[in-house]
Structure formats: structure tokens, C-alpha cells
Amino acid sequence: MGRNGYFITLEGGDGSGKTTVLGRVAAYLQNHSMPYLITREPGGIEIAEKIRSIILDPSHTAMDARTEALLYAAARSQHLAEVVEPALAEGLTVLCDRFVDSSLVYQGYARGLGIDEVWGINRFATGGRMPDLTFYLDIEPEVGLARIAANQGREVNRLDMEGLAFHQKVREGYLRIVESDPKRIVVLDAGRPIHLVEEDIVRTLKERILKDF
Ligand code: TMP
């Protein structure tokens, strides 16, 4: 592999099991002595955490869609600068739960701001840094939302209050993004038991990344 580590992101609708799968993939990399960093925006970075708390505050019902998109891009920029870029430069594999694709899909497509417009502000925020590999966990929105409802431990945020139609748009948006970048994005059927999703991810990692170690 080159000097920089691999940048891998996980994407999916709400309740697609991303976070669980991410933990399993991390365990796999650990077992293979592959140095890695697991993170998610805002990643414990103080500035980015503060930005995110403004976005997710249930009382902020007046938040304009452009404001939301800009705040996500701002938090992303800070997390990238403080966490992701330094780790990649050290040669760590970085596994990130959600990245630019989430904004393209949620803000650009589902909220109707336009995928190209949202890509514009994110290109500025990220300096054009894109993942080397992205796993998209595809799930029927009904199944994803039922999983969230069954998960008592998770806090309900402003975005969970969206209706089914919004989540269907999110899925549609992801499928469009996948079409536009099929080499980078690997689609996984996340409606299956989690161990099968994990097996697919491990197989892809072996083919695409671990061969370099
Ligand atoms: P999470 O459930 O994966 O923590 O994500 C929180 C919510 O934030 C989820 O509904 C997706 C949304 N989101 C966006 O709308 N745009 C973004 O850029 C990101 C990163 C998340």
C-alpha cells in the first residue's frame, strides 16, 4: 500500500445496522493486526460536536434545509482536519460511519436541495477528499424504522421524527449515488441477518484492501 491509509466509509438509511457492522469490521481488522481508526462525524471533536448538537436539537424545527447542509459540511470539515487526515497520513485505515454521501442523499436528494449543489459545498468543506471504498447498507425503510423502534436504548433525535416518505426518498437517493459511482460504492443487502452482511464486507476487504498487507 502507499504511504496513506485507506479511507473507508459506511452509509445507509436509518436502522440499516451500520454501527453494529462497523464494530464487527473493526474487530476483524484488529484480528489481522491492521492498524485502524474507527470514527463517525462529529467524532468527539469539540467544535464539530457543538455544530452537530445544533443540527439535532429537537426544538430547532425552524431550521432551514440550507442551514442544515452547511452545518453538516462545517462539522465534516473540522472532523476531517482534526481526525481523518492526520490518521490517514500516519498510515491508519480509517473507518467512518457516514460521510459526504449522507449529505448528498439527505440534504441534496431527500430535502430537495440538489445533489450537485450539496456536492459544491462539500467539495469546499473536504478539499475533495473522497473515500477509497464505501459500503452502502441497503434496507427497506419500513424494516429500518421498525429496527429503530425496537431499539429502546437509542435516543430519538429530530431526524427520526421524519415520516416514511422521507426515508423512502433517502433510499432512492442512495441508489442514485451508487449508480453514479459504482466502483467506489459496494451495495449490501442489509435486510439479512447481520453476520451475513459482515461476511460480505470481510470478503470485499480481503479482495480490495487486505491483499496489500
Ligand atoms: P446516525 O443515525 O447515523 O447517527 O445519523 C444521524 C442522522 O443524521 C441521520 O438521520 C442521517 C443524518 N445526516 C444527514 O442528514 N446528513 C449528513 O451529512 C450526516 C452525516 C447525517
Side-chain angles (χ1 to χ4, degrees), residues 5-32 34-45 48-49 51-53 55-58 72 75-76 78-80 82-84 87 92-107 110 131-162 164 166-167 170-171 173-174 177-178 184-205 209:
Y6 285 98
F7 185 24
I8 303 170
T9 58
L10 214 62
E11 295 282 351
D14 299 79
S16 60
K18 278 184 298 98
T19 312
T20 310
V21 167
L22 207 63
R24 307 265 181 106
V25 176
Y28 180 83
L29 294 175
Q30 176 112 37
N31 289 341
H32 287 75
M34 190 170 169
Y36 72 92
L37 176 83
I38 183 164
T39 188
R40 67 192 291 270
E41 298 170 350
I45 295 303
E49 291 283 358
I51 297 169
R52 174 102 159 193
S53 70
I55 302 171
L56 296 181
D57 187 330
Y72 272 119
R76 177 163 303 130
Q78 194 63 35
H79 175 248
L80 202 57
E82 279 196 55
V83 176
V84 178
L92 301 184
T93 290
V94 175
L95 284 171
C96 189
D97 185 349
R98 295 194 184 281
F99 191 59
V100 164
D101 296 316
S102 284
S103 281
L104 300 182
V105 167
Y106 283 80
Q107 282 67 53
D132 300 301
L133 178 63
T134 297
F135 292 105
Y136 164 54
L137 270 53
D138 185 48
I139 195 160
E140 299 275 349
E142 291 88 342
V143 179
L145 292 176
R147 277 186 187 171
I148 289 177
N151 186 352
Q152 306 286 340
R154 187 178 172 286
E155 74 181 84
V156 174
N157 64 42
R158 187 169 62 84
L159 296 156
D160 292 335
M161 300 189 295
E162 300 288 350
L164 182 60
F166 179 80
H167 294 282
V170 166
R171 186 176 188 215
Y174 269 120
I177 301 282
V178 168
R184 172 174 64 88
I185 308 174
V186 174
V187 184
L188 301 169
D189 174 0
R192 297 169 300 160
I194 211 84
H195 73 274
L196 296 179
V197 180
E198 185 190 348
E199 272 174 28
D200 284 352
I201 292 184
V202 164
R203 190 176 322 113
T204 306
L205 288 176
I209 292 183

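Note that this is a predicted model, so its numbers are computed, not measured.
The two residues Pro141 and Leu164 make their nearest non-hydrogen contact at CB-CD1, 3.8 Å. Across Val170 and Val105, no two heavy atoms sit closer than the pair O-CG1, 3.2 Å. Across every non-hydrogen atom of Ile194 and Gly17, the tightest pair is CD1-O, 4.1 Å. Between Arg52 and Tyr72, the shortest heavy-atom contact is NH1-CE2, 4.2 Å. The two residues His79 and Cys96 come nearest to each other via the heavy atoms CE1-SG, 3.9 Å.
In this structure the side chain of Asp200 reaches within 4.5 angstrom of the side chain of Arg192, judged on heavy atoms. With contacts defined as side-chain heavy-atom distances shorter than 4.5 Å, the pair Asp138/Arg171 qualifies.
Taking the charged nitrogens against the carboxylate oxygens, Arg184 and Asp132 have no contact shorter than 4.0 Å, which rules out a salt bridge. Using a cutoff of 4.0 Å between basic side-chain nitrogens and carboxylate oxygens, Asp14 and Arg147 are not scored as salt-bridged.
Judged by distance alone, with hydrogens and angles left aside, the side-chain atoms of Gln78 form no donor-acceptor pair with the main-chain N or O of Ala48 at under 3.5 Å.
To the nearest 0.5 angstrom, Glu142 atom CD is 11.0 Å from His167 atom NE2. Here the straight-line distance linking atom CD1 of Ile55 with atom CD of Glu41 works out to 9.0 Å at 0.5 Å rounding. The line from CG of Leu205 to CE of Met34 is 7.0 Å long, rounded to the nearest 0.5 Å. Distance check, rounded to the nearest 0.5 Å: CD1 of Ile185 to CZ of Phe135 gives 12.0 Å. A distance of 5.5 Å separates CG of Leu95 from CD1 of Ile38, quoted to the nearest 0.5 Å. The CG atom of Asp101 sits 11.0 Å away from the CG atom of Leu10 when rounded to the nearest 0.5 Å.
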### Query
Would Thr19 and Asp97 satisfy side chain to side chain donor-acceptor pair (under 3.5 Å), going step by step from the backbone distance to the final call?
CA-CA 7 Å; Thr19 312; Asp97 185 349; 3.3 Å; yes
### Query
Phe7 and Val84: side chain to side chain contact (heavy atoms under 4.5 Å, CB included), yes or no, with the steps?
CA-CA 8 Å; Phe7 185 24; Val84 178; 3.9 Å; yes
### Task
Could you walk me through whether Val83 and Leu37 pass side chain to side chain contact (heavy atoms under 4.5 Å, CB included), step by step?
CA-CA 9 Å; Val83 176; Leu37 176 83; 3.5 Å; yes
#### Entry: Working for side chain to side chain donor-acceptor pair (under 3.5 Å), residues Tyr106 and Arg98
CA-CA 11 Å; Tyr106 283 80; Arg98 295 194 184 281; 3.2 Å; yes
### Worked verdict on Ser16 versus Tyr174 for side chain to side chain contact (heavy atoms under 4.5 Å, CB included)
CA-CA 13 Å; Ser16 60; Tyr174 269 120; over 6 Å; no
### Task
Step by step, work out the side chain to side chain contact (heavy atoms under 4.5 Å, CB included) result for Val202 and Val25.
CA-CA 7 Å; Val202 164; Val25 176; 5.8 Å; no
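Considering Leu29, Val94, Leu92 in turn, Leu29 is the only one that fulfils the side-chain contact (heavy atoms from CB on, under 4.5 Å) rule with Tyr36.
Applying the side chain to side chain donor-acceptor pair (under 3.5 Å) test to Thr9 and every residue at least two apart in sequence or in another chain returns Thr134.
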